[in-house]
Each structure stands twice: as C-alpha cells, then as structure tokens.
Amino acid sequence: MKKTVLGFAAAAMIAGTATQAQETPEEVTVGYLNLVNAQLVTKSLGLVQKHMPGVKINYIKVGGGGDMLRAIAADQIDFGGLGNPPAAIGVARGLPIQGTMVLNMLDFVEAMVVRTDAGIKSFADLEGKTLAAPFGSTTHYLLLQALADEGIDPASMKILDLRPNDIALAWSRGDIDAAWFWEPNLDKAVKDGGNIFMTSGIMEKRGYPTWDVGVVMNRFADAYPDYVEKFVAAECEGIDYWISNPAETAAIIATELELTLEDATRMMRGTEMVPCDTQLTSKYIGTSEARGGFVDTLEVTTAFLVSQDRLPEAPSREIFETFLQPKYLEAAISE
C-alpha cells in the first residue's frame with residue numbers, strides 16, 4: 001500500500017476519481033476495535049466475505065482510537081472504526097477518510113473504574129492519584145470533559161496513556177488507582193477490587209454522547225465505491241443479526257472475546273446497535289441531503305479538544321458534513 005501523508009487539505013478529503021478504478025479489489029483489510037459490538041458478529045459469520053466473493057478479507061485487531069488513527073495514517077487498513085473524539089482528530093488533521101455508518105452507541109460498556117480502597121468518592125478525590133485511559137479515545141475525552149465540568153485540573157493527577165489490555169495489567173499490579181476504558185478488559189478490573197464510578201451512558205445524559213463510526217480510506221472509496229456499499233451492507237446484516245438473535249450473538253461475543261456467556265450477555269446490554277435505516281435519521285448520520293446530529297457531536301467534541309490544546313483549531317461544519325457520507329448506507333439499505 002502507498003503511505004499516507006498527514007496534513008492533506010481537509011476540504012479535499014474525498015477528492016479523487018474512479019475513472020481508472022478496477023472492478024474488484026484483490027483483498028480488503030479491516031481494522032477492528034476489540035469492542036463488544038456487531039462487528040464481531042460480522043467477522044465471525046464471514047458476512048464481509050459473503051458480500052465480496054472472491055476477495056481476500058483480512059482482519060487486524062486495533063487497540064484503541066489512537067492506534068486506529070496511526071493505522072489510518074500509515075495506510076495499513078481499508079476500513080476501520082473511530083469514536084467521535086478520534087474521528088474529530090482525524091478530520092481536523094486532514095486524514096483521507098470518510099464516515100460511512102454507525103457502528104455502535106456507547107453506554108456502560110465503557111466506564112471509569114476506581115479501586116474500592118482508594119477513597120475515591122468524587123472527582124475531586126482523584127487529585128494526586130494515578131489514572132489511565134487510552135489517549136485519543138472516547139474514554140480519554142470523557143475523562144477530560146468530566147474533569148473540566150468539575151473545575152479540576154488534569155495536571156493535579158497522573159494520567160497514563162495505556163491500551164486497554166495494558167490498563168488491565170497495570171491494575172492487577174496495583175500501579176493505578178482508576179481507569180476509564182472498556183469491556184472486556186474493564187470487567188477484569190471490576191472483579192479485582194474495582195468499583196464502577198462513572199459510565200459513558202451517564203455522560204451521554206449530561207450532554208456528551210459517544211459513539212463509533214465506520215470509516216473507509218478515500219483511496220479505496222475512489223477505486224471501489226461498489227465495494228464500500230458491500231462492506232456497509234455486510235455490517236448492516238451483522239447489526240440486524242445482533243438485534244434479532246441476542247442469544248446466538250452472546251455466544252459469538254463470548255467466543256470472540258473469550259468470555260463467559262453471562263458476561264457477554266451483560267456487556268451486550270451496555271452497547272446500543274442502531275438499525276441501519278434508523279441511522280439515516282436526524283439523530284444519527286442523517287441523509288445525503290441533510291446531515292444529522294453526528295455533525296453536531298463532532299463540532300462539540302472538536303471545540304472541547306481545541307480548548308484542551310489537543311487540537312490547534314477546529315474544522316468548519318462543512319468539513320464534518322463532507323466527512324460523513326450517508327450515500328453508501330443509503331445504497332446498502334435500498335437493495
């Protein structure tokens with residue numbers, strides 16, 4: 001693959017032409033997050049392969065939003081998934097990607113866990129403590145947002161940038177007092193002297209929704225637009241299966257993440273799958289004629305990241321509207 005150079009003009013995010021496009025790609029590489037969502041169903045049931053017969057399908061497990069951004073920048077994947085904070089960062093940096101669909105809405109599948117013996121009863125009690133979160137992720141964003149709302153300086157505590165599996169290891173060693181991350185590693189901390197202190201679902205009720213959106217590299221979308229539709233159709237089939245077959249889905253999640261069936265079932269309740277036709281409504285991605293609420297969330301997220309010096313400046317609303325491309329979803333559900 002050709003290497004991607006950071007700093008492309010954001011206004012040219014989806015520039016390109018398919019005039020020299022080949023009809024069929026030889027292979028497709030999917031970067032997926034180790035999350036409790038329907039992408040694991042799509043992967044397990046071979047639905048992308050079903051929609052792309054004759055194409056070699058590769059899956060690469062990615063640790064978190066920051067790692068996904070690095071994989072995109074290095075041109076290591078064709079399709080991926082990003083939460084709203086890393087998506088905002090990627091768009092602001094001009095990464096050559098398009099948002100295609102809603103992978104999931106986040107509730108208590110992501111949460112902040114604190115040690116029961118650390119005396120943490122409020123956010124103020126975090127001062128002087130050692131915390132962890134994967135930087136650039138939805139949970140890192142919510143941690144900073146929660147601290148800002150409480151008027152607490154993040155510099156008053158030590159915040160480590162760790163991947164979810166490394167957080168679980170650090171927790172087991174007693175290196176950290178609190179962490180905001182996600183299942184299945186979150187459960188390891190809870191079962192090892194941890195207590196859920198805050199969830200992403202509660203933060204949504206406070207006005208800070210978090211979600212994961214599917215993304216495709218521009219070069220792939222330019223060359224194989226029909227295969228973007230096929231990929232989205234496969235993911236929609238996975239979402240439908242999740243909604244219609246909860247018991248079978250729990251068994252898949254348990255196998256994919258090496259969980260008990262009971263834990264898989266509980267974790268599924270902390271993740272909302274949105275039917276693909278519903279994703280085209282004003283609450284979510286919207287349509288090609290009128291983008292939906294995800295643009296608003298990206299704007300709010302970016303403004304906060306700029307205020308925290310995580311980004312130098314915010315892109316225009318038009319740039320976010322250009323990033324979200326409902327046309328693939330519209331084509332997939334019309335078939």
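Start at 1 with the first residue, then count along the sequence. Since the model is a prediction, treat every value here as computed from it, not as a measurement.
- Y241 and E248 form no side-chain donor-acceptor contact under 3.5 Å, judged by distance and modelled atom types alone.
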Between R266 and E183, does the salt bridge (charged side-chain N to carboxylate O under 4.0 Å, His left out) criterion hold? Intermediate values first, please. CA-CA 10 Å; R266 175 181 56 78; E183 304 285 14; 3.4 Å; yes

What do the steps show when you test F79 against F220 for ring pair (Phe, Tyr, Trp, His ring centres under 6.0 Å), and what is the final call? CA-CA 9 Å; F79 294 92; F220 188 94; 5.1 Å; yes

E330 vs S288, test: side-chain hydrogen bond (donor to acceptor under 3.5 Å, both in side chains). Steps then yes/no. CA-CA 8 Å; E330 290 167 338; S288 295; 2.7 Å; yes

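- The pair R317-E321 meets the salt-bridge criterion, with a side-chain N (NZ, NE, NH1 or NH2) lying under 4.0 Å from an Asp/Glu carboxylate O.
- Between E237 and T42, the side chains place no donor N or O within less than 3.5 Å of an acceptor N or O (distance only, hydrogens not considered).
- We find that R206 and D149 are not joined by a salt bridge, their nearest charged nitrogen and carboxylate oxygen being 4.0 Å or further apart.
- Residues T139 and E110 have side chains that never bring a donor and an acceptor to within less than 3.5 angstrom of each other.
- Under the 4.0 Å criterion applied to side-chain N and carboxylate O atoms, R219 and D222 are not assigned as salt-bridge partners.
- In summary, K191 and D187 engage in a salt bridge, as defined by a charged side-chain N under 4.0 Å from a carboxylate O.
- A donor-acceptor pair under 3.5 Å links the side-chain atoms of R115 to the main chain of W171, judged by distance alone.
- Less than 6.0 angstrom separates the ring centroid of F123 from the ring centroid of F197.
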